[in-house]
Each structure stands twice: as C-alpha cells, then as structure tokens.
Amino acid sequence: MVFKLKSVMQRGKKGKGDANDKPEVSASVPLASSSGAAGAAAQAAAGKAGNNGAGARGAAVAAAGAPASKAVGAPAGAGVQQALGRFGAAGKMPNGSFEALPSFRDVPTSDRQSLFVRKLALCCYTFDFTDPTKNVKEKEIKRQTLLELVDYVTSGSGKFTEAVFEDITKMLAANLFRTLPPSSHENTGSDSFDPEEEEPTMEPAWPHLQIVYEFLLRYVVSSETDAKLAKRYIDHSFVLRLLDLFDSEDPREREYLKTILHRIYGKFMVHRPFIRKAINNIFYRFIFETEKHNGVAELLEILGSIINGFALPLKEEHKMFLVRALIPLHKPKCVSMYHQQLSYCIIQFVEKDFKLADVVIRGLLRYWPVTNSQKEVLFLGELEEVLEATQSAEFQRCMVPLFRQIGRCLNSSHFQVAERALFLWNNDHIVSLVAQNRQVVLAIIFPALERNTRSHWNQAVHGLTLNVRKMFLEMDQELFQECQRKYQEDESKAKSIEETRELTWKRLEAAGNQRSNSGMMNTLASSDGVTRTMAAPNKTAGSGAPVPGLSPVLEK
C-alpha cells in the first residue's frame, strides 16, 4: 500500500513563527501487504472497527500479523541488555520462563497499568529470525503481546506516568535500534549497483517490527501522551537513532519511519530545529561523500510538508537550507530516485517567495547534466514548474544563461531532450514571459531553431521546431526577419573564416610535404655510406674553390 504524506503543516496568519504552529495528526500508516486468509481477516477486522482511526488500524494490524513460524530475521542487538534496565536479564520473566501474560480484559482496571509494564518487559526480549524453526512458541507469544500493547495505547485507558515513559522507551530501543545489514552491492564491492533495477533486501524480523512501529506511532499521537514529559525520553538521541534507520532497504520500514518522524515533528515542537538540522547533515553526507542512502525520498517527503508550513517571510535559515542542501541534491547521479519529492520541495520555496526563482534556476544550471539525457529530461520538467511560479523581474535576471542552455537542449541529438525543451512553449505563462523579452530570447535561440529546421534527424522535433518558429514569426515579424538576416550574416562570416582556416591548413600541409621531400632527397644522396662534406657553392667565378662532392683537379 502506497502511503502519500499529506501537507498537514498549515500555518496561521502571515508572519507567525513556525514554532507555534501545530500540524494535523492522522493515524494513517502503511501496512505490510497481506494475501489470502490473512488479508481477508485484516479487511474484516478493519471493517468491524469502523472509521475510528487508530482503532481500525489496530484491528487491521492484529489480523494481518504474519505467522511467526514463517518469518526469518536478524539476531538480537548487543546493546539490548543495557536497554532493558530494570526489566531483568535478557527480558525474561523473573522465574526464567517465557510465558504469555494475562489479557488486559482479565484483570481489574486498577491492575492494568502494572500489567502494561510487565508486557513491555516481556517484549524487550528479541529473537533470532534467521532460523524459522527456533523459538516458534516464544515468537508467537511476543507477537500477540505486542498486539495487545497496541490496543492498550489506542484505547487511551489512562495517562502514562513518567516511569511508564521510561519503560516504553526501553522496549522501543530494544526492538528498533539495531545496526542495519550492509547492502548486497556493498558486500561484493560493486560500483554498478542500480537501486531502480535491484530488488531491495526485506527485513526478516518484520512480523515483530511492524507491530513495534505501530505501537510507537500510536504512542506518539495518543492524547494520553504528555509532550512535556515524553520529550525527556523521545529526545535528540532517540530522534537521531530513528533517522539512522531511514537507510533501511525495506520500503515498509521507511514508510513507517516517515510517518512517525512527521508526527514527532508535529507534537514535539522543541525538537523541530534539531530535526531539520539532523536531516541537513544526512543530505550533506549523501551529496558530498557517499551518494548512497535509501531514505532520501522519504526524508524529502517529510520536508515537503514542513516547507509547506513555513511562515512568511521566510527565515534566513530556511533559505540557506534551499541553497546548501536542496539545490545540490540535483548533483548525485541517482537523482531520479527522489527527484519528484525534491522538485516538490523546490517549488514550495519559489511559491512562498518568488524572489528565490532566480536562485533556483541558476542552481539548476550549475548542476545541469552533460552526458545523462534522462537526467536532462527531469531537469527540463522541473524547470518548467519553476518558471510557472516566476515573475517577470526574476525571469529577466536569469534569462540569458537560461535560454543558452535551452538552446543547447533544442539541438540535442537525443530526441526526448529536444522534444521536452520544445514543449516549454506549450506553457502559456512561459510564452508570456518570453513574449515580454522576445528581443533577447529570440536572438539567443534563433540559431538553434534554424539548425533544427535544417538538419535534425527526428521528424517530431523538426515539426515542433517549425511550430515554435511560426509562433515567434507571428509574435514579431520584423524582429524575426532581423534575427534571420543576422543569422545569415553570421553564417556567411563563419563560412568565410572556415574557408580561410582550411586554406591556411593546406598551405601548412604543402610546406610540410616540401620539407619532408627535401629531407628524403638528402637521405637518399648519402645512402652509399660515404661521408660527404656539404659546402656552400662559391658564387665568385674562377675562385678555384672546389665543387662540393668532387675531387679537386690539378693544373699542369
């Protein structure tokens, strides 16, 4: 199930600080797809729960849980025992056995809080999922206990005390925070890894992890969770470790993380600057060091919602984020994996402050691809969206370098690039901007249009080029004829220069051949092996000077 994060960070009146704005909170979150009887049971459970938000989701999780006997997974982390704290060694019960605890329905209301803590302690124990036949009974007990914990938090049975916050954090840390396994291409050392082509490595412990993530989501959005108390436990360290998990190859895990981090950003306002800075650091490392990270698209989706809620006027901090992080994200060669989300963030900035259009367009030109045609098509699409939000003053600042690049794209031998560049003239707003500045724009791109008309190999590009020429001709016939006359003059000058250049090269070639022939004759003359003295001939008659190469003749 594909989850699309909505723009929920709506702001109040203009000028209001973003620290005082509260986002909407939705319990909607993706679930692992289920099939057969499990899928039908999940749908039935969700239907019975009605439209009660978290209640419906909890029923669906309970029904969709996969049998533990079919799961495989990673061993427990080395730091689990430290996270367990007062829960006991390895998370086992005091008597050393691992057995199911009573249901919440079977104990008095006054005892449910303590039972909740005992169930948290039970769920701190993690299992080795690499062997599906190992600890089958214990895995199923833990899975059922996790489902009960989700239902308990969803029901809102009572406010959590500070001690319970600590216990919850320990359970979450024991299950979620782990070292992610290296990717398959990292094991082989291959540089030809293509994330669009390769299948991701799915998390084997997902039958348990999914329910733990669901528990964390319900815990964060619950009205019983006091943000002032919980922020001591969902602190900067907790957020950083959550961000580390965004590099997981499993897209199901990244979807949950995206939703949870967004809710944390909305509820814990004190953490907002830190979360933005931490995401910046991930981007910096990705852009300038590794160019490998699985969660860039999800992080950008969160930022798209955050940027949508920025108050006006934009803070200098936010503008620096655009210049230093978002625009350089166009540099990595895997930009197609997250370009849609990146483009949305960029457009949000331009729509909030139209003066940033010049900065964005020049940034795109700085990172414009040279040899990657598919990347060029993406850039042209994003450029059109930016130009739609651009005002005339900003357009005039950047139109010269912009249309020089567009002219190069028009003459691209890759027909998709040339076609996409010509499609810009289908946009009424762009045509309006061009018409206002036609004296400059037409002079820049007229040569490209002429070359396409005369020699482009693709028929569709040829036809689109004729349409654009016709548009300019109807826009200003006199200007069009002037540009055509100037092009012909420039073409004539260029032809004359080329002829002169070719003549110069022919003269040099002839001189080189003459010297080569002279050197060859000298070599042949001395090929008999006799050393001869080459003397300059004496121009004075009767001087008696010897002739070079001949023996002197004695007079009698």
Side-chain angles (χ1 to χ4, degrees), residues 5 9 18-19 23 79 169 172-173 176-183 186 195 216 220 231-251 253-310 314-335 337-346 348-349 356 359-360 363 366-367:
L5 192 64
M9 308 290 292
D18 63 332
T169 306
L172 294 170
L176 299 179
F177 300 149
R178 65 206 188 279
T179 302
L180 296 173
S183 302
E186 292 177 353
L216 174 55
V220 170
K231 71 180 181 181
R232 302 176 189 173
Y233 301 95
I234 300 182
D235 55 5
H236 290 179
S237 175
F238 188 93
V239 169
L240 282 176
R241 298 183 77 178
L242 272 183
L243 285 168
D244 288 341
L245 296 174
F246 271 89
D247 202 19
S248 170
E249 282 195 58
D250 195 328
E253 183 168 15
R254 297 199 304 270
E255 285 292 318
Y256 262 106
L257 286 164
K258 175 182 70 178
T259 309
I260 290 166
L261 186 64
H262 182 260
R263 300 301 187 267
I264 290 174
Y265 187 91
K267 186 157 189 168
F268 300 92
M269 297 181 191
V270 68
H271 293 337
R272 289 182 180 183
F274 177 80
I275 291 174
R276 293 196 299 266
K277 184 177 180 180
I279 293 176
N280 281 6
N281 291 336
I282 292 175
F283 287 164
Y284 295 151
R285 195 177 306 115
F286 169 71
I287 296 165
F288 302 111
E289 294 180 17
T290 64
E291 288 199 7
K292 292 176 182 176
H293 195 283
N294 294 307
V296 174
E298 286 78 12
L299 291 171
L300 284 169
E301 200 164 339
I302 296 170
L303 285 170
S305 176
I306 293 172
I307 294 166
N308 186 47
F310 281 164
L314 289 174
K315 297 179 181 177
E316 197 62 29
E317 168 203 349
H318 302 329
K319 294 178 184 179
M320 294 306 296
F321 167 66
L322 169 68
V323 173
R324 293 181 177 177
L326 287 185
I327 292 177
L329 275 172
H330 291 86
K331 176 177 175 281
K333 56 187 176 182
C334 60
V335 65
M337 295 293 294
Y338 54 82
H339 184 263
Q340 183 179 355
Q341 293 85 352
L342 174 61
S343 178
Y344 177 77
C345 291
I346 296 286
Q348 288 288 310
F349 269 105
L356 292 172
V359 175
V360 169
R366 185 183 311 123
Y367 294 106

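Between E253 and N294, the closest side-chain pair of non-hydrogen atoms is not below 4.5 Å. Side-chain contact check for I264 versus L242: some heavy-atom pair is nearer than 4.5 Å. Side-chain contact between L314 and L356 is present, with heavy atoms from C-beta onward closer than 4.5 Å. Put simply, the side chain of F283 does not reach to within 4.5 Å of the side chain of H293, judged on heavy atoms. Between H330 and L342 there is a side-chain heavy-atom pair separated by less than 4.5 Å. Here the side chains of F349 and F321 are in contact, with some heavy-atom distance below 4.5 Å. Counting heavy atoms from C-beta on, the side chains of L299 and F246 come closer than 4.5 Å. Side-chain contact check for Y367 versus L329: every heavy-atom pair is 4.5 Å or farther apart.
Residues forming a salt bridge (charged side-chain N to carboxylate O under 4.0 Å, His left out) with R324 (at least two apart in sequence, or on another chain): none. Annotation: salt bridge (charged side-chain N to carboxylate O under 4.0 Å, His left out) contacts of D250 (sequence neighbours excluded): R252.
Here K292 contributes atom NZ and D247 contributes atom CG; the two are 11.0 Å apart, rounded to the nearest 0.5 Å. Separating the CD1 atom in I302 from the CG atom in L261 is a distance of 4.5 Å, to the nearest 0.5 Å. In this structure, CZ in F274 is found 8.5 Å from CG in D235, a value given to the nearest 0.5 Å. One finds the CD1 atom of I234 at 4.0 Å from the CZ atom of F268 (value rounded to the nearest 0.5 Å).
Using bins of under 30°, 30° to 60° and over 60° for the plane-to-plane angle, the ring pair H318/F310 lands in the parallel bin. The aromatic rings of F288 and Y284 sit tilted relative to each other, their planes meeting at an angle between 30° and 60°.
Side-chain N/O atoms of Q348 and Y344 include a donor and acceptor closer than 3.5 Å.
Evaluated for a side-chain hydrogen bond (donor to acceptor under 3.5 Å, both in side chains) with E298, the options R254, H262, K258 yield exactly one hit, R254. Considering L300, L326, I307 as possible partners of I346, the one that fulfils the side-chain contact (heavy atoms from CB on, under 4.5 Å) test is L326.
I327 and V360 make their closest contact through CD1-CA, 4.0 Å (heavy atoms, listed as atom of the first residue, atom of the second, distance). The two residues F286 and C334 make their nearest non-hydrogen contact at CZ-SG, 3.7 Å. Closest approach of R241 to F177, counting heavy atoms only: NH2-CB, 3.2 Å.
The backbone N or O of L176 sits less than 3.5 Å from a side-chain atom of R178, completing a donor-acceptor pair. At least one donor-acceptor pair closer than 3.5 Å links the side chain of K267 to the backbone N or O of V220. With hydrogens and angles disregarded, no donor-acceptor distance shorter than 3.5 Å links the side chain of S305 to the backbone of E301.
The salt bridge (Lys or Arg N to Asp or Glu O under 4.0 Å) contacts involving residues 278-291 comprise E291-K331, where partners must be two or more places apart or lie in separate chains.
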